[in-house]
Colleague: 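Dropping a structure here in structure tokens format, bear with me for questions.
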Protein chains: 2
Amino acid sequence: MDNDTKVLELAELFKYFADPTRIRIMFFLRDGERCVNDIADGLKMTQSAVSHQLKILKTSKLIRSRREGKAVFYSLADEHVQLILETGMDHILE
Amino acid sequence: MDNDTKVLELAELFKYFADPTRIRIMFFLRDGERCVNDIADGLKMTQSAVSHQLKILKTSKLIRSRREGKAVFYSLADEHVQLILETGMDHILE
DNA sequence: TCAACATATGAACGCTTGCTCATATGTTAA
DNA sequence: TTAACATATGAGCAAGCGTTCATATGTTGA
């Protein structure tokens, strides 16, 4: 991967963290997996808006999904996601 | 600071990392401070575009500036900036 | 198979953002 | 002060993005 590609992908990655709704969703998933409806209820958002954002987060590999019957459960993809969130938070709180 | 404010500020922070031009500028500053013209030359951008982005990065406290004669030198603000960039890069390269 | 529920998706709209172009401000040397 | 250089800024435009609304797809139990 050349440098230009790295820069583009890095900017792309941070773009997914650059929205309050997605941050809230990722924070909401820190305690473990949740289904779409629970996320929508918990964050007081429409099911549609949540689902759109979940798709974006999943496509970007920041979250995972698992179907169980009618429900689809989402969870954070790996510890990088948490680390990025926490480093950002450290910066904010400084 | 309440949670809503934290989320908004965190999203705001990542927004500044979410642009290839700003990433390139920050990478360009990793080796030490540089003046506006050197950045524009090094990144093959117009002086105006660079200056606009530098203002954004400085307002958001991701970079610092220091005037020396006609030139203004910019540098990364602190180690959080580097850490966020590096953690993001680790994620990309995984 | 059909009704009820859970989730996903497409279109459209309003808002934001990064660029260019033109111009303004700041600084030094003469 | 004035010319020359370095940097900053304002207006305007094109592209991208998050939401809502309407609808489609997927799944289960009867």
Side-chain angles (χ1 to χ4, degrees), chain A residues 4 7-29 32-77, chain B residues 4 7-29 32-77:
Chain A
D4 281 2
V7 166
L8 286 176
E9 288 205 16
L10 200 48
E12 186 89 355
L13 172 69
F14 287 123
K15 205 177 59 183
Y16 300 121
F17 287 90
D19 177 71
T21 295
R22 288 193 290 269
I23 298 268
R24 291 175 74 217
I25 290 174
M26 288 187 277
F27 271 126
F28 196 72
L29 295 179
E33 61 178 15
R34 305 274 188 167
C35 70
V36 181
N37 244 332
D38 285 353
I39 299 171
D41 286 354
L43 302 184
K44 295 192 170 34
M45 294 178 56
T46 66
Q47 176 270 320
S48 179
V50 169
S51 191
H52 276 297
Q53 295 304 333
L54 288 173
K55 186 192 180 85
I56 290 172
L57 289 171
K58 191 184 175 193
T59 301
S60 61
K61 295 195 166 61
L62 297 180
I63 61 175
R64 276 194 279 253
S65 70
R66 174 182 73 83
R67 180 177 276 278
E68 186 177 314
K70 285 187 253 188
V72 177
F73 289 88
Y74 285 90
S75 56
L76 296 182
Chain B
D4 281 2
V7 166
L8 286 175
E9 288 204 16
L10 200 48
E12 185 88 355
L13 172 68
F14 287 124
K15 205 176 58 182
Y16 300 121
F17 287 90
D19 177 71
T21 295
R22 287 192 290 268
I23 298 266
R24 291 174 74 215
I25 291 175
M26 287 187 276
F27 271 126
F28 196 72
L29 295 179
E33 60 178 17
R34 305 274 188 167
C35 70
V36 180
N37 244 331
D38 285 353
I39 299 171
D41 286 354
L43 303 184
K44 295 194 171 35
M45 294 178 56
T46 66
Q47 176 269 321
S48 179
V50 169
S51 192
H52 276 296
Q53 295 304 333
L54 288 173
K55 185 192 179 86
I56 290 171
L57 288 171
K58 190 183 177 194
T59 301
S60 61
K61 294 194 166 62
L62 297 180
I63 61 175
R64 276 194 279 252
S65 70
R66 174 181 73 82
R67 180 176 278 279
E68 185 177 316
K70 284 186 253 187
V72 177
F73 289 88
Y74 285 89
S75 55
L76 296 182

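In what follows, every chain begins at residue 1, and chains take the letters A, B, ... in the order their sequences are listed.
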Colleague: Can you find a donor-acceptor pair, distance only, under 3.5 Å between B:Gln47 side chain and D:dA6 base?
Modeller: no

Colleague: Using a 4.0 Å heavy-atom cut-off, does B:Phe73 contact any base of the nucleic acid, only the sugar-phosphate backbone, or nothing at all?
Modeller: nothing

Colleague: Side chains of B:Val50 and B:Tyr74: does their closest heavy-atom pair fall under 4.5 Å?
Modeller: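 The answer is no, as the side chains (C-beta and beyond) never meet within the 4.5 Å cut-off.
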
Colleague: Provide, to the nearest angstrom, the distance between the CZ atom belonging to A:Arg24 and the C1' atom belonging to D:dG18.
Modeller: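 Between C1' of D:dG18 and CZ of A:Arg24: 14 Å.
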
Colleague: What is the separation between atom CD1 on A:Ile56 and atom P on C:dT7, rounded to the nearest whole Å?
Modeller: 18 Å

Colleague: Which one, C:dA8, C:dT17, D:dG18, comes nearest to the side chain of A:Arg22?
Modeller: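 The answer is D:dG18.
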
Colleague: With a 4.0 Å cutoff (strictly under), does any side-chain N or O of A:Lys70 reach OP1 or OP2 of D:dG26?
Modeller: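 Checking A:Lys70 against D:dG26: no side-chain N or O falls below 4.0 Å of OP1 or OP2.
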
Colleague: Working to the nearest 0.5 Å, report the span between CG of A:Leu13 and CD of A:Glu9.
Modeller: 9.0 Å

Colleague: Distance from B:Tyr16 atom OH to B:Met26 atom CE, nearest 0.5 Å?
Modeller: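 Taking OH in B:Tyr16 and CE in B:Met26, the distance rounds to 11.5 Å.
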
Colleague: On DNA chain D, nearest-nucleotide positions of A:Arg67 versus A:Asp19: which is more 5'?
Modeller: A:Asp19

Colleague: Nearest-nucleotide wise, let me know which of A:Glu12 and B:Ser51 is further upstream toward the 5' end of DNA chain D.
Modeller: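 With B:Ser51 and A:Glu12 compared, the 5'-side residue is B:Ser51.
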
Colleague: Tell me: CG of A:Leu57 to P of D:dG18, nearest whole Å?
Modeller: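 These atoms are roughly 10 Å apart.
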
Colleague: Please report the distance, rounded to the nearest Å, between NZ in B:Lys55 and C1' in C:dA24.
Modeller: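 Computing the B:Lys55:NZ to C:dA24:C1' distance gives 13 Å.
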
Colleague: Taking atom C1' of D:dA6 as reference, at what distance in whole Å does atom CD of B:Glu68 sit?
Modeller: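 Answer to the nearest Å: 13 Å.
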
Colleague: So if I take the C1' atoms of five pairs at each end of the helix from C:dT1-D:dA30 to C:dA30-D:dT1 and get each local axis, what angle do the two axes make, rounded to 10 degrees?
Modeller: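 What I find for the helix from C:dT1-D:dA30 to C:dA30-D:dT1 is an axis angle of 30°.
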
Colleague: Are the side chains of B:His52 and B:Lys55 in contact, using a 4.5 Å heavy-atom criterion?
Modeller: no

Colleague: Can you check the B:Phe14 CZ to C:dT16 P distance for me, whole Å?
Modeller: 22 Å

Colleague: What is the minimum heavy-atom distance between A:Ala11 and B:Pro20, and which atoms define it?
Modeller: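 Heavy atoms of A:Ala11 and B:Pro20 come nearest at CB-N, 3.5 Å.
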
Colleague: Report yes if a side-chain nitrogen or oxygen of B:Thr46 is closer than 4.0 Å to either non-bridging phosphate oxygen (OP1 or OP2) of C:dT20; otherwise report no.
Modeller: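 The answer is yes; a side-chain N or O of B:Thr46 sits under 4.0 Å from OP1 or OP2.
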
Colleague: Over how many whole Å does the gap from A:Asp41 atom CG to C:dT7 atom C1' extend?
Modeller: 14 Å

Colleague: What is the distance, rounded to the nearest whole Å, between atom CZ of B:Phe17 and atom P of C:dG18?
Modeller: 14 Å

Colleague: For C:dA8, does either OP1 or OP2 sit under 4.0 Å from a side-chain N or O belonging to A:Tyr74?
Modeller: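 A:Tyr74 to C:dA8 OP1/OP2: side-chain N or O found under 4.0 Å.
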
Colleague: Of all the heavy-atom pairs spanning A:Lys61 and A:Ala77, show the shortest one and how long it is.
Modeller: O-CB, 3.2 Å

Colleague: To the nearest 0.5 Å, how far apart are CG in A:Asp38 and CZ in A:Phe28?
Modeller: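 So the gap between those two atoms works out to 6.5 Å.
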
Colleague: Between the side-chain atoms of B:Ser48 and the base atoms of C:dC19, is any donor-acceptor pair under 3.5 Å?
Modeller: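 Answer no: no donor N or O sits under 3.5 Å from an acceptor.
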
Colleague: Using OP1 and OP2 only, check whether a side-chain N or O of A:Gln53 sits under 4.0 Å from D:dC17.
Modeller: no

Colleague: Check whether the aromatic ring of B:His52 stacks on the base of C:dC19, taking stacking as ring centres less than 5.5 Å apart and planes within 30° of each other.
Modeller: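 Given the distance and angle limits, no, they do not stack.
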
Colleague: So which atom in B:Arg22 and which in B:Gln53 form the shortest heavy-atom distance, rounded to 0.1 Å?
Modeller: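 Taking B:Arg22 first and B:Gln53 second, the nearest heavy atoms are NH1-OE1, 2.8 Å.
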
